[in-house]
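The structure appears right after this line, and notes come after that.
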Protein chains: 2
Amino acid sequence: MKPTRTVKTADTLLSVINQLQALNGAGVTELATHLEMAKSTVHDHLMTLHEHGYVVKEDDTYYLSLRFLDHGSYTRERLALKEAVTPPISQLADDTEETVWFVVEERGQAVYLYREIGERGVDLVCRSGTRTGLHATAAGKVILAGYSDERVREITDKQGFDQKTPKTIADTETLLKDLKDIRDTGIAVTSDETNRGVKSVAVAVSGTEEIYGSVVVSGPRQRLTGEHLEDTKSLIRSAANEIELRIDNDVCFR
Amino acid sequence: MKPTRTVKTADTLLSVINQLQALNGAGVTELATHLEMAKSTVHDHLMTLHEHGYVVKEDDTYYLSLRFLDHGSYTRERLALKEAVTPPISQLADDTEETVWFVVEERGQAVYLYREIGERGVDLVCRSGTRTGLHATAAGKVILAGYSDERVREITDKQGFDQKTPKTIADTETLLKDLKDIRDTGIAVTSDETNRGVKSVAVAVSGTEEIYGSVVVSGPRQRLTGEHLEDTKSLIRSAANEIELRIDNDVCFR
DNA sequence: TTGTTCTGTTCCTTAAACCCGAACATCAAC
DNA sequence: GTTGATGTTCGGGTTTAAGGAACAGAACAA
């Protein structure tokens with residue numbers, strides 16, 4: 001598909017960075033064995049990253065540095081969604097008392113951007129910046145529902161169907177069938193598709209042309225039922241709408 | 001000082017990343033001219049970053065991707081300070097009605113980690129992850145006050161004295177004299193040293209051995225005076241103390 | 001239409017440097 | 001003292017990064 005020319009040294013550098021995060025900090029030898037590379041090679045890369053301030057060293061153990069936080073929060077800020085998204089999200093968390101996330105799509109994956117934990121909310125995804133397959137989450141499905149079937153196929157062909165639980169959608173046809181229902185109702189409700197025992201309700205946030213992202217409320221399956229579920233649905237709808245209005249009119253001039 | 005072997009291709013890759021942030025997104029040619037490199041070279045690096053999901057492409061313009069947010073928020077989370085820091089910070093912002101930051105030192109620089117904006121607070125540093133010289137901020141100076149003069153010299157020798165305003169400290173001797181006073185009172189108060197017209201008050205957060213960081217309240221110079229200043233001082237002191245207790249006892253098991 | 005001038009992309013060739021391996025240094029533990 | 005685990009240094013062979021020049025495609029003016 002994309003046999004374009006690539007810088008192999010960059011591959012190794014990025015793999016060092018990723019492995020360093022995966023291992024939650026590591027020494028030279030440990031990294032080298034995990035990456036199946038020579039110790040000296042890893043050492044050189046770590047020295048370079050250290051020189052540029054991208055890793056910190058504590059007694060022979062290397063960790064990623066906060067320089068990544070700079071790049072990361074810059075990137076999030078660039079989307080210019082914070083002012084529009086944060087207050088309604090916050091309000092929604094207060095009203096529903098559950099955990100609320102604002103999610104965007106990037107490169108065929110769902111990225112969790114802004115969170116607010118309500119009174120009784122449980123902490124699930126844990127970190128902003130976390131990525132998941134769009135198929136495996138209500139937030140992702142409601143975004144996909146705004147795309148054409150063709151575009152959905154493109155994404156699933158490339159990304160596949162990572163199975164988070166036994167109930168995670170595993171093929172394109174089932175996904176497209178789900179999306180059809182979501183398009184009708186404008187809301188996505190899932191149970192146990194991302195985490196066992198967790199129910200999620202999501203609504204898309206769209207502009208005139210593009211889809212900005214989605215708002216999702218997650219909580220224990222047995223709690224998000226009956227009246228509480230219905231209340232939640234309409235609360236999310238108005239929160240999503242509120243965000244749309246704020247994006248259109250607000251300080252966020254995109 | 002450190003003539004160790006370094007991976008030059010990694011240098012160029014990182015410079016591409018940094019330039020991409022500095023230019024707030026750019027095309028191949030624009031990047032190449034800024035970096036004084038061949039277009040083809042930049043192109044190859046961008047392709048590699050794209051392949052790995054570290055940049056996104058919108059009509060021939062490349063931007064850093066949210067993958068950096070993943071690394072960044074992971075790094076911040078690794079410090080395991082959030083649970084201990086966030087609530088007292090939040091309370092302090094409510095009480096003082098000013099802007100509050102929690103700051104840590106990394107590689108001889110001050111890194112802004114957690115923020116809370118009070119009722120009348122003004123948004124100054126803008127993003128978490130932002131780095132500044134320790135000498136140029138109350139938050140940094142109060143951290144330096146916890147270090148030995150020798151260690152302070154090491155840092156200033158390496159980092160120099162970036163001048164943010166005409167009143168920014170410009171040499172080691174003046175800094176050390178300031179630190180002496182700060183050590184006596186346990187509090188750092190600065191005016192116009194980081195931003196013109198801005199006054200900052202900071203207190204360190206320390207454990208039994210190391211210093212975790214500092215809490216800083218910033219606001220307009222003319223507002224942070226008299227009684228409001230004195231109130232602020234004692235509020236910061238108790239907030240910092242609260243954080244120390246939470247770090248020692250809390251869920252944060254370091 | 002044609003020409004101009006920006007882009008981004010491809011390909012070739014060579015000098016550079018990445019990567020490995022092996023040796024060395026250092027520290028703990030037994 | 002010896003063993004085994006680290007991190008570190010260093011020379012050299014061969015991959016390959018990086019530059020330059022040519023190509024493609026779009027936008028625009030004349």
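Chain letters run A, B, ... following the sequence lines, proteins first, then strands; residues in each count from 1. Bear in mind the structure is a predicted one, so any value in this text is a computation, not a measurement. For the numbers below, each heavy atom of this structure counts, side chains included, while hydrogens, waters and symmetry mates do not.
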Of the candidate nucleotides dT8(D), dC20(C), dA17(D), which contains the atom at the shortest distance from the side chain of Lys57(A)?
-> dT8(D)

What nucleotide among dC12(C), dG20(D), dG8(C) has an atom nearest to a side-chain atom of Ala38(B)?
-> dG20(D)

Any donor-acceptor N/O pair under 3.5 Å between dG20(D) base and Ser40(B) side chain | yes

Can you check whether Asp162(A)'s main-chain N or O pairs, donor with acceptor, with His135(A)'s side chain at less than 3.5 Å?
-> yes

Within this structure, what is the CZ-to-C1' distance between Arg5(A) and dT13(C), rounded to whole angstrom?
-> 11 Å

Between C1' of dC20(C) and CD of Glu36(A), the distance in whole Å | 15 Å

Between dC19(C) (P) and Leu46(A) (CG): distance, integer Å | 12 Å

When you get a sec, tell me which of dA18(D), dT7(C), dG7(D) is the closest nucleotide to the side chain of Thr29(B)?
-> dT7(C)

Closest nucleotide among dC20(C), dT16(D), dG8(C) to the Thr41(A) side chain | dC20(C)

Give a yes/no answer on whether the side chain of His45(B) brings an N or O atom under 4.0 Å of OP1 or OP2 in dA17(D).
-> no

Closest-nucleotide 5' rank along DNA chain D - winner of Glu30(A) and Lys8(B) | Glu30(A)

Tell me whether the OP1 or OP2 atom of dG8(C) has a side-chain N or O from His43(B) closer than 4.0 Å.
-> no

In terms of side-chain heavy atoms, does Glu105(A) have a donor or acceptor partner in Tyr147(A) at a distance below 3.5 Å?
-> yes

Once you round it to whole Å, what is the distance between C1' of dA17(D) and CG of Leu13(A)?
-> 14 Å

May I have the distance from Met37(A) (atom CE) to dG21(C) (atom P), rounded to whole angstrom?
-> 12 Å

May I ask you to decide whether Asp149(B) forms a salt bridge with Arg183(B), counting only side-chain N to carboxylate O separations under 4.0 Å?
-> yes

Testing dA17(D), dG8(C), dG20(D) for proximity to the side chain of Asp60(B), the answer is dG8(C)

Which whole-number value in Å describes the distance from Asp59(B) CG to dC6(C) P?
-> 21 Å

State whether a side-chain donor-acceptor pair under 3.5 Å links His71(B) with Tyr54(A).
-> no

Ignoring hydrogens and angles, are the base of dG7(D) and the side chain of Lys39(A) linked by a donor-acceptor pair under 3.5 Å?
-> yes

Would you say the side-chain atoms of Thr174(A) and Asp171(A) include a donor-acceptor pair closer than 3.5 Å?
-> yes

Closest nucleotide among dT8(D), dC18(C), dG8(C) to the Thr9(B) side chain | dC18(C)

Starting at the 5' end of DNA chain D and moving along, which residue's nearest nucleotide shows up first, Thr6(A) or Asp44(A)?
-> Asp44(A)

